[in-house]
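Chain letters run A, B, ... following the sequence lines, proteins first, then strands; residues in each count from 1.
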Number of protein chains: 2
Amino acid sequence: MAQTNLERQVETRLREHEIRLTEGRRTLIQALGKADGPKSAADLHSRLGDQVPLSSIYRSLSVFEDAGVVSPHYSTKGVTRYELAEWLTGHHHHLVCVNCGVVEDIEIDDRLETQLEAIVEEIGRDVSFAPVDHALEIDGNCRQCQ
Amino acid sequence: MAQTNLERQVETRLREHEIRLTEGRRTLIQALGKADGPKSAADLHSRLGDQVPLSSIYRSLSVFEDAGVVSPHYSTKGVTRYELAEWLTGHHHHLVCVNCGVVEDIEIDDRLETQLEAIVEEIGRDVSFAPVDHALEIDGNCRQCQ
DNA sequence: GTTGCAATTGATAATGAGAATCATTATAGT
DNA sequence: ACTATAATGATTCTCATTATCAATTGCAAC
């Protein structure tokens, strides 16, 4: 259900941008929809086997990024990870494993998010900067690395 | 003064790790000490001209990272920026320009930092994760891009 | 259902950030 | 001053990612 709704939302966005939704791209969206955090092209490729060649994964992620369907996440040297954009999944933050680099999404409850936004707004006022987004990253050891 | 103290602190740390402090490396530390935020190897190289070749910059930054003298910062595809480690500069956060990618350091006052730490601790408890570090990034447009 | 256009493909070559190489040089300890 | 070995600097290599190109395909219009 949520998955099908996801595909419909993505279809609509891509159509608005006059971008085609091919089978390979649909497969990519499904894989990102099932992921528990940002995934690199290599992660996605190993998960999907030969369904979508690596070159198509890179290219489609780039097209999706331009269309605002995915967001890049940078936490490892030389590797970019992608996740579905927040308008599709909701605002969230990241846990980053300091050992292996895996990134996990976390949603925090409204009370904490409100507090965090207040902090961000106050910082913005202090340095005359209008925040358009914010990201809280918490570094530690993931379950596999503990 | 602060600069000289910085060099002394770095010297001590490198000596502990049996790493040599060459003139090129001293120049790099001085440049990082003057920087207002994380800098890439290319940034540092263009700033330093021929004083330190690009290959030496990459290599020294890597050595410094292993020794805990600098920390990497990832906010742009395919580019790593480095800044002095927090034990040298103090805990701080980053403003990232969504247009040009420049990263600026910001320190926030103790009251806000305390609030932020409480949020991080509570999130960590919620997801059974012991935070070792946290980073708040605020995205917007830098003064040049406004 | 058919057609046309241009987006997209997939394998491969090219690119750029960063790592490795090697003969020579320089640091730091004695 | 001597010595061991880390570090150098220019160049080559590696890897994640982008560009290329002839062939294929998605999708809107008819």
Side-chain angles (χ1 to χ4, degrees), chain A residues 7-8 10-29 38-67 69-82 100-103, chain B residues 7-8 10-29 32 38-67 69-83 101 103:
Chain A
E7 287 178 43
R8 265 194 292 268
V10 171
E11 279 189 58
T12 302
R13 173 62 72 101
L14 293 183
R15 193 175 298 122
E16 287 166 5
H17 284 72
E18 300 186 341
I19 292 168
R20 299 176 186 186
L21 182 55
T22 62
E23 276 313 300
R25 290 177 174 174
R26 191 180 294 273
T27 302
L28 260 193
I29 291 297
K39 299 295 173 188
S40 67
D43 290 336
L44 291 163
H45 187 244
S46 66
R47 181 167 313 216
L48 296 175
D50 288 338
Q51 279 180 271
V52 190
L54 188 57
S55 59
S56 295
I57 291 176
Y58 278 120
R59 191 168 38 225
S60 295
L61 287 171
S62 178
V63 167
F64 288 157
E65 185 184 353
D66 291 343
V69 169
V70 300
S71 297
H73 183 81
Y74 308 111
S75 57
T76 306
K77 186 186 293 185
V79 177
T80 305
R81 291 188 180 84
Y82 294 90
C100 67
V102 157
V103 188
Chain B
E7 287 176 43
R8 267 196 290 271
V10 171
E11 278 189 56
T12 301
R13 173 61 73 100
L14 293 183
R15 193 177 294 120
E16 286 166 5
H17 283 72
E18 302 186 341
I19 291 168
R20 301 176 183 187
L21 182 55
T22 61
E23 275 312 299
R25 287 177 176 174
R26 191 180 293 274
T27 301
L28 260 192
I29 292 296
L32 287 170
K39 299 296 174 190
S40 67
D43 290 337
L44 291 162
H45 188 242
S46 66
R47 182 168 311 217
L48 297 174
D50 287 339
Q51 280 182 266
V52 189
L54 187 56
S55 60
S56 295
I57 291 177
Y58 278 122
R59 193 169 38 225
S60 295
L61 288 171
S62 178
V63 168
F64 287 157
E65 183 183 354
D66 291 344
V69 169
V70 300
S71 298
H73 183 81
Y74 308 111
S75 59
T76 306
K77 186 187 294 187
V79 178
T80 305
R81 292 189 178 83
Y82 294 90
E83 62 186 347
V103 188

Problem - Which atom of A/Arg81 lies closest to which atom of A/Val102, heavy atoms considered - result: NH2-N, 4.4 Å

Exercise for the section: Among residues two or more places apart or on two chains, list those pairs meeting salt bridge (charged side-chain N to carboxylate O under 4.0 Å, His left out) that have a residue in residues 38-55 of chain B. Expected result: B/Asp36-B/Lys39

Practice task
State whether A/Lys77 places a side-chain N or O below 4.0 Å from either non-bridging phosphate oxygen (OP1 or OP2) of C/dA19.
Solution key: yes

Practice task
Return the value, rounded to whole Å, for the distance between atom CZ of A/Arg26 and atom C1' of C/dT9.
Solution key: 17 Å

Exercise for the section: For B/Ile19 and C/dG29, give me the distance from atom CD1 to atom P, rounded to whole Å. Expected result: 13 Å

Problem - B/Leu44 vs B/Leu32, side-chain contact (heavy atoms from CB on, under 4.5 Å): CA-CA, chis, key distance, verdict - result: CA-CA 8 Å; B/Leu44 291 162; B/Leu32 287 170; 4.1 Å; yes

Problem - For atom CD of B/Glu16 and atom C1' of C/dA28, their distance in whole Å - result: 16 Å

Problem - Side-chain N,O (B/Arg59) to OP1/OP2 (C/dG18) below 4.0 Å - result: no

Problem - Position toward the 5' end of DNA chain D (nearest nucleotide), A/Val79 or B/Gln51 - result: B/Gln51

Practice task
Specify the separation, in whole Å, of atom CG of B/Asp43 and atom C1' of C/dA17.
Solution key: 13 Å

Handout entry: 5' priority, DNA chain C, between B/Glu23 and B/Ala41 [closest heavy atom]
Key = B/Ala41

Fill in the blank from the handout: Rounded to the nearest 0.5 angstrom, the CG-CZ distance for A/Leu54 and A/Arg59 is 10.5 Å

Fill in the blank from the handout: Separation of C/dG29 atom C1' from B/Leu21 atom CG, nearest Å, is 16 Å

Fill in the blank from the handout: Whole-Å distance, A/His17 NE2 to C/dA7 P, equals 15 Å

Problem - Nucleotide range of DNA chain D lying under 4.0 Å from chain A heavy atoms - result: D/dA16 to D/dC27

Fill in the blank from the handout: For A/Gly101 and A/Ser75, the nearest pair of non-hydrogen atoms, with its separation, is O-OG, 4.3 Å

Completion exercise
Among the nucleotides C/dA20, C/dT27, C/dT9, whichever has the atom closest to the side chain of A/Thr22 is C/dT9

Exercise for the section: Kindly say if B/Thr80 contacts the phosphate of C/dG18, meaning a side-chain N or O under 4.0 Å from OP1 or OP2. Expected result: yes

Handout entry: Test item: B/Arg26 side-chain N/O and B/Glu7 main-chain N/O as donor-acceptor pair under 3.5 Å
Key = no

Completion exercise
By nearest-nucleotide position on DNA chain C, the 5'-leaning member of B/Ser40 and B/Arg20 is B/Ser40

Handout entry: Distance in angstrom units between A/Tyr58 OH and C/dG16 P, rounded
Key = 17 Å

Exercise for the section: Starting from P on C/dA17, measure out to CZ on B/Arg81 and report it in whole angstrom. Expected result: 12 Å

Handout entry: Heavy atoms from other residues, nucleotides or ligands near CD of A/Glu16 exceed 12 (cutoff 6.0 Å)
Key = yes

